[in-house]
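To start, the structure itself, in structure tokens.
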There are 2 protein chains.
Amino acid sequence: MSQPRVFLVDDHELIRSGIRSELAGAVDIVGEADEVEAAVEMILERNPDVVLLDVHMPAGGGVAVLRALNGRCPEVRVLALSVSDAAEDVIAVIRAGARGYVTKNISGPDLLDAIYRVAAGDAVFSPRLAGFVLDAFSLEGAQLEAADVDPDLDLLTPRERQVLRLIARGYSYRDVATELVISPKTVESHVSSVLRKLQLSNRHQLSNWASERHLL
Amino acid sequence: MSQPRVFLVDDHELIRSGIRSELAGAVDIVGEADEVEAAVEMILERNPDVVLLDVHMPAGGGVAVLRALNGRCPEVRVLALSVSDAAEDVIAVIRAGARGYVTKNISGPDLLDAIYRVAAGDAVFSPRLAGFVLDAFSLEGAQLEAADVDPDLDLLTPRERQVLRLIARGYSYRDVATELVISPKTVESHVSSVLRKLQLSNRHQLSNWASERHLL
DNA sequence: AGTGCTCTAGGGGAAAACCCCGAGCCGACG
DNA sequence: CGTCGGCTCGGGGTTTTCCCCTAGAGCACT
């Protein structure tokens, strides 16, 4: 690739001007916009390689642009640019489809490097941010691990766990009994133990308890 | 930082040798291991800046090493190295705490670059992989968006949605009635409508339906 | 030999959930 | 103005859940 074709979105003229001068000659700036609607239209029209997108803007901010772009131009990579390094902002914009996130205190050469890397399909984050993103990413998984050593779950006997699983899926006592080839009364007995041990009062709470721990 | 201190984990001597020669002089290789247990011990002992970790190994592979390391040395960054670019492998190792993932067909200079970037706290992925990772990351959020326009959910009246939410949380009819200041019979009536419209047969399925759509 | 836990199972009963019926009130829409 | 849909209730019924109790068989540990 010769020079990446870059589109600038930021509601502050001063910032855009600063970026232009920092990147002058090293990239091909194919357009600019200072608000959400115009940005979306022009991006769809000019199809740049990389969009430099400010996160905080009136009318929904960068996330609004990403939503509007949706999947309509997957070959356009978006590099989010922000003064904030708050975890929520980062997560939100990544969820919306950005391929990178850098803060505005980045140096000119580093920004240039980031643009080239995003253009190449790489994921780019400021060092401090990489931590946030990957930590958040591994969170859901972490809950699962925790469940394995869940002290409450250890209280249950194998049979009780087996019954719990079926009950949580919405099986009636009779269904569970048929499935496990035992009497409905026995199922009842197991459920009773489970509820007592987990300090729950009915099977609906049980369902939620199980689904929170991804036991289904 | 002068030269990053790098630790090599791979069960193939040949690979380690190749990496050593590629990186010779550019990084400080402070140790090697060819299996999980030894790797964990030596990493904890030598505290390198970066661990180059093979994903596929006997006795649990790279994921096992990451789990064992757990949070015991957060300042050690792990760069996963693998022949595979299968999404599951990538996701698993990221969830376990790796800060980067590159495939073994990477060039020497690129690997060197990746190591420096990981050492600096950056997140590094092969271009093709960045897509996988970020896509997977935005998945859970995407489900939420989809729910807003869920055709089934549109069938329900506002009151029905309100009742649905409470029921799904495990409230009894009486509780819901108290909460909404209506008769239990009315709640029953709404639940009946909801079940009919969503083609479900009982409140347990309803709970699951709601929790799948993150409506709690 | 006794103790304790698990799995099994039943009786009996209160409460909740679910279903089918009808019915009144109100606002929107043609 | 009539009709339709949403919201509000009730009666009366079956099924399911949940709790109380008892109790035997098997197994492990002391």
Side-chain angles (χ1 to χ4, degrees), chain A residues 147-216, chain B residues 147-216:
Chain A
D148 295 20
V149 294
D150 192 311
D152 293 333
L153 197 56
D154 280 356
L155 290 177
L156 304 182
T157 68
R159 198 56 157 177
E160 284 165 354
R161 276 193 282 268
Q162 204 172 4
V163 172
L164 157 61
R165 215 185 294 244
L166 295 172
I167 289 296
R169 281 191 211 169
Y171 284 48
S172 72
Y173 289 172
R174 187 179 300 167
D175 293 339
V176 176
T178 305
E179 180 78 18
L180 301 182
V181 202
I182 54 181
S183 149
K185 266 301 189 183
T186 306
V187 176
E188 200 183 314
S189 172
H190 287 309
V191 171
S192 226
S193 301
V194 172
L195 290 180
R196 185 172 31 78
K197 288 182 180 174
L198 299 183
Q199 312 223 6
L200 302 175
S201 62
N202 62 47
R203 56 172 297 160
H204 317 304
Q205 292 176 17
L206 194 63
S207 286
N208 294 336
W209 186 89
S211 96
E212 274 171 21
R213 282 166 181 68
H214 300 92
L215 296 180
L216 310 182
Chain B
D148 295 23
V149 292
D150 193 310
D152 292 334
L153 196 57
D154 280 355
L155 290 178
L156 304 183
T157 68
R159 198 56 156 176
E160 283 165 356
R161 274 192 283 268
Q162 204 172 5
V163 172
L164 157 62
R165 216 184 290 245
L166 295 172
I167 289 296
R169 279 191 211 170
Y171 283 49
S172 72
Y173 288 172
R174 185 178 299 166
D175 294 338
V176 175
T178 305
E179 181 80 16
L180 301 182
V181 201
I182 54 180
S183 149
K185 266 302 189 181
T186 306
V187 176
E188 200 182 314
S189 171
H190 287 310
V191 171
S192 224
S193 301
V194 172
L195 291 180
R196 185 171 30 78
K197 287 182 180 174
L198 300 182
Q199 311 221 7
L200 302 175
S201 62
N202 61 45
R203 56 175 296 163
H204 318 305
Q205 292 175 18
L206 195 63
S207 285
N208 294 336
W209 186 90
S211 96
E212 276 171 19
R213 282 166 182 68
H214 298 93
L215 298 181
L216 312 180

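Each chain gets a letter, A, B and so on, in the order its sequence line appears, and its residues count up from 1. It should be emphasised that the depicted structure is a prediction, and the values quoted were computed from it without experimental measurement.
- An OP1 or OP2 oxygen of dT6(C) is reached within less than 4.0 angstrom by no side-chain nitrogen or oxygen of T157(A).
- Nearest heavy-atom pair, A168(B) versus S207(B), reported as atom, atom and distance to 0.1 Å: O-OG, 3.4 Å.
- Rounded to whole Å, the distance from NE2 on H190(A) to P on dT17(D) is 16 Å.
- Residues of residues 175-184 of chain B having a heavy atom closer than 4.0 Å to DNA chain C: none are found.
- Taking five base pairs at each end of the helix from dA1(C)-dT30(D) to dG30(C)-dC1(D), the local helix axes there meet at an angle of 40°, rounded to 10°.
- Pairs engaging residues 174-207 of chain A under the ring pair (Phe, Tyr, Trp, His ring centres under 6.0 Å) rule: H204(A)-H204(B) [sequence neighbours left out].
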Could you list, one pair per line, each protein nitrogen or oxygen that sits under 3.5 Å from a nitrogen or oxygen of nucleotides 25-30 of chain D, together with the distance?
none

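- With contacts defined as side-chain heavy-atom distances shorter than 4.5 Å, the pair R159(A)/I182(A) qualifies.
- In this structure, the side chains of V163(B) and V194(B) stay at 4.5 Å or more apart for every pair of heavy atoms.
- Note that CG of L156(B) and CZ of R165(B) are 11.0 Å apart. Values are rounded to the nearest 0.5 Å.
- Straight-line distance from the CD atom of E160(A) to the P atom of dC5(C): 13 Å, rounded to whole Å.
- Residues E160(A) and L198(A) form no side-chain contact, since every pair of their non-hydrogen atoms from C-beta on lies 4.5 Å or further apart.
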Under a 4.0 Å heavy-atom criterion, the protein footprint on nucleotides 11-30 of chain C, written with B, S and -, is BB---SSBB-----------
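- No donor-acceptor distance shorter than 3.5 angstrom exists from the side chain of S189(B) to the backbone of K185(B), with no hydrogens or angles considered.
- R196(A) has no side-chain polar atom (N or O) that falls below the 4.0 Å cut-off from OP1 or OP2 of dC18(D).
- Distance check: S193(A) OG to L164(A) CG gives 12.0 Å after rounding to the nearest 0.5 Å.
- Using modelled atom types and a 3.5 Å distance limit, the side chains of S172(B) and D175(B) yield a donor-acceptor pair.
- Considering all non-hydrogen atoms of both residues, E179(A) and L166(A) come closest at CG-CD1, 3.9 Å.
- Taking 4.5 Å as the limit, some side-chain heavy atom of V191(B) sits within range of a side-chain heavy atom of I167(B).
- Heavy atoms only, all atoms of each residue included: Y171(A) and R203(A) are closest at O-NH2, 2.9 Å.
- Under the side chain to side chain donor-acceptor pair (under 3.5 Å) criterion, S201(B) pairs with Q205(B), sequence neighbours left out.
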